[in-house]
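Here's the structure, in structure tokens; my notes come after.
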Protein chains: 2
Amino acid sequence: MKKKTTIYDIAKELNVTVSTVSRALSGFPAISDTTRKAVVDMARKLNYSPNKLASALKSGKTHIIGVIVPSVQAHFFASIIHCIEDGLKDSGYRVIIYQSNESVENEINGVKTLLEAQVDGIMASLSLETQDVSHFAEIVKQNKPLILFDRVNADLKVPTITLDDFRAGYIATQHLIDSGYRKIAFVTTVHQIKIFNDRLEGYKAALADNGLPLIEEHIIFGGLSIKDGRFGAGKLMRGRNKPDAIIAGDDFTAVGVIKKLKEIDETPPEIGVIGFANEAFSAYITPNLSTIDQHAPQIGKACAKMFLKMINQQNPYSGMEHIVLDPTVVERESTNKKAL
Amino acid sequence: MKKKTTIYDIAKELNVTVSTVSRALSGFPAISDTTRKAVVDMARKLNYSPNKLASALKSGKTHIIGVIVPSVQAHFFASIIHCIEDGLKDSGYRVIIYQSNESVENEINGVKTLLEAQVDGIMASLSLETQDVSHFAEIVKQNKPLILFDRVNADLKVPTITLDDFRAGYIATQHLIDSGYRKIAFVTTVHQIKIFNDRLEGYKAALADNGLPLIEEHIIFGGLSIKDGRFGAGKLMRGRNKPDAIIAGDDFTAVGVIKKLKEIDETPPEIGVIGFANEAFSAYITPNLSTIDQHAPQIGKACAKMFLKMINQQNPYSGMEHIVLDPTVVERESTNKKAL
DNA sequence: GTGAAAGCGCTAACAT
DNA sequence: ATGTTAGCGCTTTCAC
């Protein structure tokens, strides 16, 4: 293992001191151009690569920020991450990703690992399991920026970036009503996550506003997956109070719902189906899935912007904001009752 | 910014030295149980969190490994990363992800950033643009493990984990022939990436072995995306030598091909279509897309295993292996000519 | 079993 | 404009 070039090696070659080298390399103003050029040239010649660890240890800044998401496999989160990276790269911040896989245990580990790695800040979207959020407290205590997005928790007094999920539930329901459906069911998760509750409340409000009854059996609490979608749809369609439309907790669940409906020959839009998230595949399944777009790019951009604001303040948590974005209906075949 | 607890704080409280604390915390054997317990308790009490940076700076090991992929949005790569994490977590290695977004420039930056972050090793799958791979040489020079997977390059003398892409092209073609198609076209990328060339060679070989002519206009060199798929299919179907089946460079491209075929009323399996990758959506589009499964989980697991082997050797590059996995045909509706 | 002390590579006062 | 020097928090020989 040949040992790496350090600023000492450069200093020795040039008969200057390490501080000169350090300053020359980091663009310190009071350095003569000749010295700077000599240093830079020698650095290249010796194939020097800075040890960020040492620099970070000294300065206390790693310029790395950690992002904790349930999973990168959901297009929604992948897209947010992409936009965070994009919004941050000009400021020299790098993103490292930690997946919780919807488990609190992993999430706790994530916070720990990222903090040990001395990240300059953390952005997170909670796992489905997460109820207690005390593992995030340490980040705030260290006075490092913490931003919660999409799946948030009000117990943490930190900035948040969310979609108006009440409205998401409301417009999904209203869209179905406008399309001519009347007996609308909802397949969602049992987990007590704010966004899912909000959507449910939006659903209830839309029903009420349209003078439609709220039928308890029409709300199925289970998981969110293709399998859960099949299960939920099966249960609903076997019930004595069959719905004529189903809102699925996310697009994956919607795929399961559609599968089941096709099997029992009630292919959408005969029974209307709408999901949440606007996953990449949603436009390509048959029938095309209507869904609620959650504007991942805006969320990502807002996260980046808010982080930069926080990191540049003495106290990151002063002037804390809660940004709420508006969801949009994406109309496709699965709710197009008129086409029948 | 309240300052963090260090081992010095623990040492002071307990009237021992930092070395004792360090040893107690890192499970050094020659420490009395009472001391160890006292240290551990005090660490908890003071809410101590180790500074991995300092430890890494001293020991030269960060226990972080960098993974460079074109994009995490492709299910194939997301799945590989997941399995790498899984295979590595018991050994205490963490994974950080860097996306090249198919650009060499980003890829070069990725290597630089990861090296500066002092990762213990790098795994990478090349961007479509990458021809010259000299930016990876520095990793090898530092004697750190470098593993290439899927999109590899023979210029780098490093271990690789790939699919038998010649065979992938061959079995895709053979499957179409077996299904009754005879005039088989191929929509692929212009980029000179080994795996795509290999698939093309496999395609040619399968045609030859079955006594079918190779028609130059049947090979479309473009990009890989839904848009490129539409374009490629359009070009093929307008040609004077219309194919009766199309092999698409990946599943996204296949989606585009299918879209175009539907528009001109030649919906598969009338014209057969097969993709590569077995993306999550492939089973849900209509018609369901036949595809070549590339066994991402095995690739990920193999990467993890190989890394552990390399890191535990004096010279990581001794006994270098090239692991080649076998692809599998996933038969679905889009090639089911018999169903017509 | 525990202590003392020398760094890992870099930055940033404080000099000159 | 450049040099000197003291750490950042931890690990690790070498003593005792």
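Quick note: numbers below take in every heavy atom, side chains included, and nothing from hydrogens, waters or symmetry partners.
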Side-chain donor-acceptor contact under 3.5 Å, [X] with [Y]:
| X | Y | value |
| --- | --- | --- |
| Glu107(B) | Thr130(B) | yes |
| Asp132(A) | Ser134(A) | yes |
| Thr35(B) | Ser32(B) | yes |

Spacing of [X] atom [atom1] relative to [N] atom [atom2], expressed in whole Å:
| X | N | atom1 | atom2 | result |
| --- | --- | --- | --- | --- |
| Phe28(B) | dC10(D) | CZ | P | 18 Å |
| Leu57(B) | dC8(D) | CG | P | 13 Å |
| Ile7(B) | dG3(C) | CD1 | P | 13 Å |
| Lys12(B) | dG9(D) | NZ | P | 12 Å |
| Glu116(B) | dC10(C) | CD | C1' | 13 Å |
| Ile31(B) | dT11(D) | CD1 | C1' | 13 Å |
| Leu53(B) | dT11(D) | CG | P | 12 Å |
| Lys37(B) | dG1(C) | NZ | C1' | 19 Å |

Using only side-chain N and O atoms of [X], determine if any of them is under 4.0 Å from OP1 or OP2 of [N].
| X | N | result |
| --- | --- | --- |
| Ser22(A) | dT11(C) | yes |
| Ser59(B) | dT12(D) | no |
| Thr20(A) | dT2(D) | no |
| Thr6(A) | dG9(C) | no |
| Tyr8(B) | dG7(D) | no |
| Ser19(B) | dT12(D) | no |

Looking at the side chain of Ala54(B), which of dG1(C), dC10(D), dC10(C) is the nearest nucleotide? dC10(D)

Restricting to non-hydrogen atoms, name the atom on Leu156(B) and the atom on Leu148(B) that form the minimum distance, rounded to 0.1 Å. CD1-CD2, 3.7 Å

Taking N and O atoms by type only, does the side chain of [X] place a donor or acceptor under 3.5 Å from a partner on the base of [N]?
| X | N | answer |
| --- | --- | --- |
| Thr35(A) | dA1(D) | no |
| Lys58(A) | dG7(D) | yes |
| Arg23(A) | dG3(D) | yes |

Parallel, tilted or perpendicular, judged at 30° and 60°: which one describes the rings of His63(A) and Tyr93(A)? tilted

Assign Ser32(B) to base, sugar-phosphate, or nothing according to its heavy-atom contacts below 4.0 angstrom with the strands shown. sugar-phosphate

Across the strands shown, which category fits Asn15(A) at heavy-atom distances under 4.0 angstrom: base, sugar-phosphate, nothing? sugar-phosphate

